[in-house]
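What follows is one structure encoded as structure tokens, with my remarks underneath.
Chain letters run A, B, ... following the sequence lines, proteins first and then strands; every chain starts at 1.
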There are 2 protein chains.
Amino acid sequence: MNLKELSTLLGLSQTTVSRALNGYPEVNEETRRRVALAAEKHNYRPNTRAKGLATGRAMAIGHVIPMSTKHEMVNPIFGDFIAGAGETYSRNGYDMVLTVVEDVNEAQAYRNIRSRHTVDGVVVHGPKMKDSRIALLHEIGLPFVVHGRASGIAQDYSWLDVNNKSAFLRSTNFLLDLGHKRIGLINGLEGMDFAYRRRAGYEEALKARGIAPDPSIMRSEEMTEIFGYRSAREMLAADEPPTAFLASSMICALGVRRAIEERGLRMGRDISVVTHDDALSYLQNGSDVPIFTATRSSVRDAGRRLAEILIERINNPDGPLIHELLEAELMVGQSTGPAPREAQ
Amino acid sequence: MNLKELSTLLGLSQTTVSRALNGYPEVNEETRRRVALAAEKHNYRPNTRAKGLATGRAMAIGHVIPMSTKHEMVNPIFGDFIAGAGETYSRNGYDMVLTVVEDVNEAQAYRNIRSRHTVDGVVVHGPKMKDSRIALLHEIGLPFVVHGRASGIAQDYSWLDVNNKSAFLRSTNFLLDLGHKRIGLINGLEGMDFAYRRRAGYEEALKARGIAPDPSIMRSEEMTEIFGYRSAREMLAADEPPTAFLASSMICALGVRRAIEERGLRMGRDISVVTHDDALSYLQNGSDVPIFTATRSSVRDAGRRLAEILIERINNPDGPLIHELLEAELMVGQSTGPAPREAQ
DNA sequence: AATCATTTTCAAAGCGCTTTGGATGCCGGG
DNA sequence: CCCGGCATCCAAAGCGCTTTGAAAATGATT
């Protein structure tokens, strides 16, 4: 069923039917009702492509997912973020189109998207420091919002981010207050902007107490369980083992816990752990009392909100840029306790 | 830059330029080269919507993600599956469009997709037993492939699935051979077809050795870490605790391990664990020696292959239906060992 | 009754592409 | 010299929608 068929069926012109369905005022309410009823009855929906051609709007938003050949990982937060964003999209009549692309071709992918007019805007995931995508998107004039921020970019842009620095500063202080002096940092991949900010928060807290950050207990990698495990194991086996760890994700933290328990130590008593928690739906941090003491910030909420921001920007590209900084909440769980006496 | 502009720029008709770019034979090779060069230079890409309108093909494939209000979980395998499928799509010039929809509106979502002509086909995720989506998709005539299978459906359809029954039958036998007689099952949500098949494999293996399945050590829920933890904890605290567990996912298995260790027991010595492993990129099962003994089957590979199947079906809708059953490999890791003497 | 304003409807153009059904020019064979 | 055949190219229609500009119908006003 298409417009033409529907309109001849109703004995009306395509114009009138189109207007009736799109809520234009210049159509009799009685007629509108008739049209709406018939459309419902025949399950008529305008053809996306035709509508898009006519209006110049795709009513779709793009997400480019770079697939590195080196770093094979699919970000575990991806699913929850998408779920949140998708909710907003649905509510606003937008489709979501994903493009998986080898990271070396990422720039070309954005250009393609632009010239093929497949989407009205894009979400930039996982910004690196001095991320080149931002300049590119400005250049080709594709509306976008960044999930996170990119340090060292001259031009301004819209973003939504968790206050990573503050979160890690607070976690570090929390551990310092408990008497821990050697705190291992198990961070995300160097070069990722969020990892940089987290380290900055960690170092700032240490320095404020006169402790010099020790590179031998700071690691940076893709945040897998294995990485958390290995890092913690190595640090614990070293001469001056940390009495606490700061992990960048729950997945990492699970690995850290494994290393701790493998060594016959007890988390929360012998070794403290604080992690960042993205509130992934399949990886809840306990039910009543959190397992891990954690800085918590729902990535699904972030997706929801970021999608709203992007839609706002698409509707009003010359409107003000939007910046939103979410504070993570520090939730005390069972994984932290005072530093053991002998280590103090 | 659009076709019209490009063609006047070249002093050619739109027809010729279009044909040159699309590889039709009736155009001089010299001309074709000129056209290709100019297109490259001006970064010309045909407008997706216009092309779609003209050809009747969307060159896009849909994934409908139902968001339950009850079960809030985003399936953790989702990211990896999408990454695999997306790879195939990119290679074949397809876009991937996701629709997040409240599960109660799922049927309507498929009808919408169909009548709006947004995609050429869809992937059906997480089939339940007697899944109603299959009949629906047949009815509205939208090409599709199911990731998994649905028992109790009259009509045939294309699918790609892991042999869940065989996998769990083999795991169970493996544990039985090690002398375990009480094996707890920590399964996915009842009603999901894969969970049904896994249980069938488990029960068949037990019965073959004259052991009656005991409902008190069989659980069924969404496969979260918490669920694995709680289930294992409860079973371990009961009168006749299991000496081994069979878990339906790595995430669950992590919870099981936590429960075991919390009780002061050692996994692989006191309690054995076998899990199914979807080979998620951020949750590798160890590096050299697997942590968990596991039935392993890469969900990313599944995505890749399933996308190929769907594209085949789209190109040849009247071709034969395709069924592919992947066997999981049983990899022995550190989480299993002979049943403790006293329990034998 | 005539005029004007307002409401309601419509025909047709246009969005950017593909594709049909020629046109054009060139060549060799009769 | 003419004609058929082939290689190239083109004009125009059509995909299904929105939107412009105008016409028709209605109601209000004088």
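- Taking 4.0 angstrom as the limit, Y24(A) places a side-chain polar atom (N or O) nearer than this to OP1 or OP2 of dT19(D).
- Here dT18(C) presents its C1' atom at 12 Å from CG of L21(B), a figure rounded to the nearest Å.
- Comparing dG16(D), dC10(C), dT19(C) against the side chain of S18(B) picks out dT19(C) as the nearest.
- In this structure, CZ of R57(B) is placed 15 Å from C1' of dC17(C), rounded to the nearest angstrom.
- Checked by atom type and distance alone, the side chain of T48(B) pairs as donor or acceptor with a backbone atom of R116(A) at under 3.5 Å.
- In this structure, K4(B) and P25(A) both approach DNA chain C, and ranking their closest nucleotides by distance from the 5' end singles out P25(A).
- Following rounding to the nearest Å, L10(A) (CG) and dC10(C) (P) show an atom-to-atom distance of 10 Å.
- Between K51(B) and dT18(C) there is a side-chain N or O to OP1 or OP2 distance below 4.0 Å.
- Among the protein residues, T15(A) comes within range of the nucleic acid bases, having at least one heavy atom under 4.0 Å from a base atom.
- The phosphate of dT9(C) (OP1 or OP2) has a side-chain N or O of T31(A) nearer than 4.0 angstrom.
- Within the 3.5 Å criterion, the main-chain N or O of L142(A) finds no donor-acceptor partner in the side chain of R114(A).
- Nearest to the side chain of T16(B), among dC10(D), dC15(C), dG16(C), sits dC10(D).
- The nearest heavy atom of DNA chain D to A50(B) and to L12(B) marks one nucleotide each, and the one closer to the 5' end goes with L12(B).
- One atom, CZ of R19(B), and another, P of dT20(C), lie 8 Å apart when rounded to the nearest Å.
- Using modelled atom types, no side-chain atom of R57(B) and backbone atom of V119(B) make a donor-acceptor pair closer than 3.5 Å.
- Between N47(A) and the phosphate of dC15(D), there is no side-chain N or O to OP1/OP2 separation shorter than 4.0 Å.
- Distance from the side chain of L53(A) is smallest to dC15(C) among dC17(D), dT19(D), dC15(C).
- In this model, the phosphate group of dC17(C) is approached by a side-chain N or O of Y44(B) to a distance below 4.0 Å at OP1 or OP2.
- Residues I61(A) and I314(A) meet the side-chain proximity criterion, which asks for heavy atoms closer than 4.5 Å.
- Mapping R32(B) and L3(A) onto DNA chain D via the closest heavy atom, the residue that lands nearer the 5' end is R32(B).
- Whole-Å rounding puts the R114(A) CZ to dG16(C) P distance at 13 Å.
- Closest to the N28(B) side chain, of the nucleotides dT9(C), dA11(D), dT8(D), is dT8(D).
- Rounded to whole angstrom, the span from the CD atom of Q14(A) across to the C1' atom of dC10(C) amounts to 11 Å.
- Distances were taken from every side-chain heavy atom of N2(B) (C-beta onward) to each of dC9(D), dC10(C), dC17(C); the shortest belongs to dC17(C).
- Atom CE of M59(B) and atom C1' of dT18(C) are 14 Å apart (whole Å).
- Looking only at atom types and distance, the side chain of R49(A) has no donor-acceptor partner in the side chain of N47(B) under 3.5 Å away.
- Rounding to whole angstrom units, CD of residue E26(A) and C1' of dA5(C) are separated by 16 Å.
- Side-chain contact between Y89(B) and V100(A) is absent, with no heavy atoms from C-beta onward closer than 4.5 Å.
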